[in-house]
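What you see is a predicted model, and the numbers here were worked out from it, not measured in a lab.
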Amino acid sequence: MTMTLHGYWRSSASYRVRLAANLKGLAYDQMSYDLRIGEQKSPALRRIAPLGLVPALEVDGGSLMQSLAILEWLEEAHPSPPLLPSGAMARAAVRAMASTIACDIHPLNNLRVLQALRQDLGASDRAVHDWIARWIRDGFAALEVMVRDHGRDFCFGDTPTIADCCLIPQIYNARRFGVDLTDFPELLAVDGRCGEIDAFVRALPENQPDADGANA
């Protein structure tokens with residue numbers, strides 16, 4: 001099996017997929033699209049991801065898009081080690097955590113939304129920062145409760161799940177934008193434990209082949 005991840009080093013959705021693949025011990029190639037200059041709108045990417053967004057995953061001639069769908073596919077196609085717990089209620093709890101990030105926090109702070117705030121609505125840098133912090137903190141307040149109820153070492157239980165694959169990139173983004181996280185000790189504890197695991201270290205944006213250290 002050959003896999004190619006189409007993404008960008010600072011794309012948090014691509015980061016999620018890197019984490020899941022690393023945790024499952026899967027090898028993959030990477031194809032980069034610089035979001036700052038709109039390379040994700042290229043015809044080459046649109047052929048496999050019609051919306052022109054990353055990540056997309058090519059697998060043996062087929063293609064997948066949307067990070068949560070890719071995470072679910074990885075879990076079904078490569079079930080060991082599992083990134084979802086056993087039991088329908090437990091799985092639903094993990095999926096709820098992942099969706100809180102991928103559906104309720106991240107889309108509002110996506111690059112194209114921030115560009116629209118600045119370019120179409122004339123928002124100042126201060127207003128954009130406040131916008132980013134508002135949605136991250138609202139979502140993290142809910143996640144703090146979920147992790148307190150279900151977590152031990154990680155978001156759910158004592159092994160990483162797709163919830164952790166979503167949380168760690170969002171914490172990375174929060175720090176990048178200077179969002180105060182002192183109200184979220186449970187989330188920060190999970191982040192600290194994940195930072196000690198090689199699969200998480202290898203997935204860090206700055207450890208990707210297309211990383212250039214510039215803002216995006």
Side-chain angles (χ1 to χ4, degrees), residues 5-23 30 32-40 53-55 66-68 70-71 96-118 123-144 146-147 154-155 160-195 197 199-208 210-216:
L5 174 61
H6 297 257
Y8 176 63
W9 67 292
R10 266 191 171 159
S11 158
S12 58
S14 300
Y15 191 172
R16 297 168 196 157
V17 177
R18 294 195 302 265
L19 281 171
N22 289 353
L23 286 165
Q30 294 197 59
S32 178
Y33 302 82
D34 192 331
L35 306 188
R36 296 165 296 188
I37 58 175
E39 286 184 348
Q40 71 276 19
L53 297 175
V54 296
Q66 295 294 340
S67 63
L68 289 186
I70 295 171
L71 295 185
M97 293 183 203
S99 294
T100 297
I101 297 161
C103 301
D104 294 328
I105 300 175
H106 174 251
L108 290 164
N109 292 334
N110 188 277
L111 178 61
R112 60 180 179 160
V113 171
L114 303 183
Q115 288 174 336
L117 289 173
R118 292 186 174 100
S124 66
D125 287 344
R126 179 72 258 171
V128 170
H129 178 274
D130 290 346
W131 171 275
I132 291 167
R134 171 185 176 181
W135 302 116
I136 290 176
R137 289 181 59 79
D138 281 359
F140 276 10
L143 285 165
E144 182 76 4
M146 296 182 205
V147 172
F154 298 94
C155 285
T161 66
I162 63 171
D164 302 281
C165 292
C166 292
L167 174 65
I168 300 310
Q170 194 61 61
I171 288 180
Y172 182 95
N173 275 355
R175 289 193 174 116
R176 181 176 151 227
F177 290 121
V179 178
D180 183 4
L181 300 179
T182 54
D183 290 339
F184 312 113
E186 297 285 348
L187 305 188
L188 292 177
V190 170
D191 180 66
R193 282 185 281 272
C194 289
I197 298 173
F200 285 86
V201 174
R202 287 187 289 113
L204 281 165
E206 55 265 31
N207 291 337
Q208 303 317 300
D210 59 328
D212 61 18
N215 291 326

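By the ring pair (Phe, Tyr, Trp, His ring centres under 6.0 Å) test, F184 pairs with F140, sequence neighbours left out.
C166 is listed as a side-chain neighbour of L71, based on a closest heavy-atom distance under 4.5 Å. In this structure, the side chains of Y15 and P205 come closer than 4.5 Å at one or more pairs of heavy atoms. The side-chain heavy atoms of Q40 and R112, taken from C-beta on, include no pair separated by under 4.5 Å. Contact check for T100 versus M146: side-chain heavy atoms found under the 4.5 Å cut-off. Using a 4.5 Å cut-off on side-chain heavy atoms (C-beta onward), L204 and R18 make no contact.
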Salt bridge (charged side-chain N to carboxylate O under 4.0 Å, His left out) assessment of R126 paired with D130: CA-CA 6 Å; R126 179 72 258 171; D130 290 346; 2.9 Å; yes
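Within the model, atoms CD1 of I132 and CG of L114 stand 4.5 Å from one another, a figure rounded to the nearest 0.5 Å. Remark: Q170 CD to W135 CH2 distance equals 13.5 Å, nearest 0.5 Å. For the atom pair R16 CZ and S67 OG, the distance stands at 4.0 Å (nearest 0.5 Å). Here D180 contributes atom CG and I136 contributes atom CD1; the two are 11.5 Å apart, rounded to the nearest 0.5 Å. For the atom pair CG of L23 and CD1 of I162, the computed distance is 12.0 Å after rounding to the nearest 0.5 Å.
Taking both residues in full, the closest heavy atoms of E186 and E144 are given as N-OE2, 2.8 Å, listed atom of the first, atom of the second, then distance.
For N207 (side chain) and V201 (main-chain N/O), a donor-acceptor pair under 3.5 Å exists by modelled atom type. Remark: the backbone N or O of W9 is paired with a side-chain donor or acceptor of D210 at under 3.5 angstrom.
When the shell of 6.0 Å around CD of E39 is examined, it contains more than 12 heavy atoms from other residues, nucleotides or ligands.
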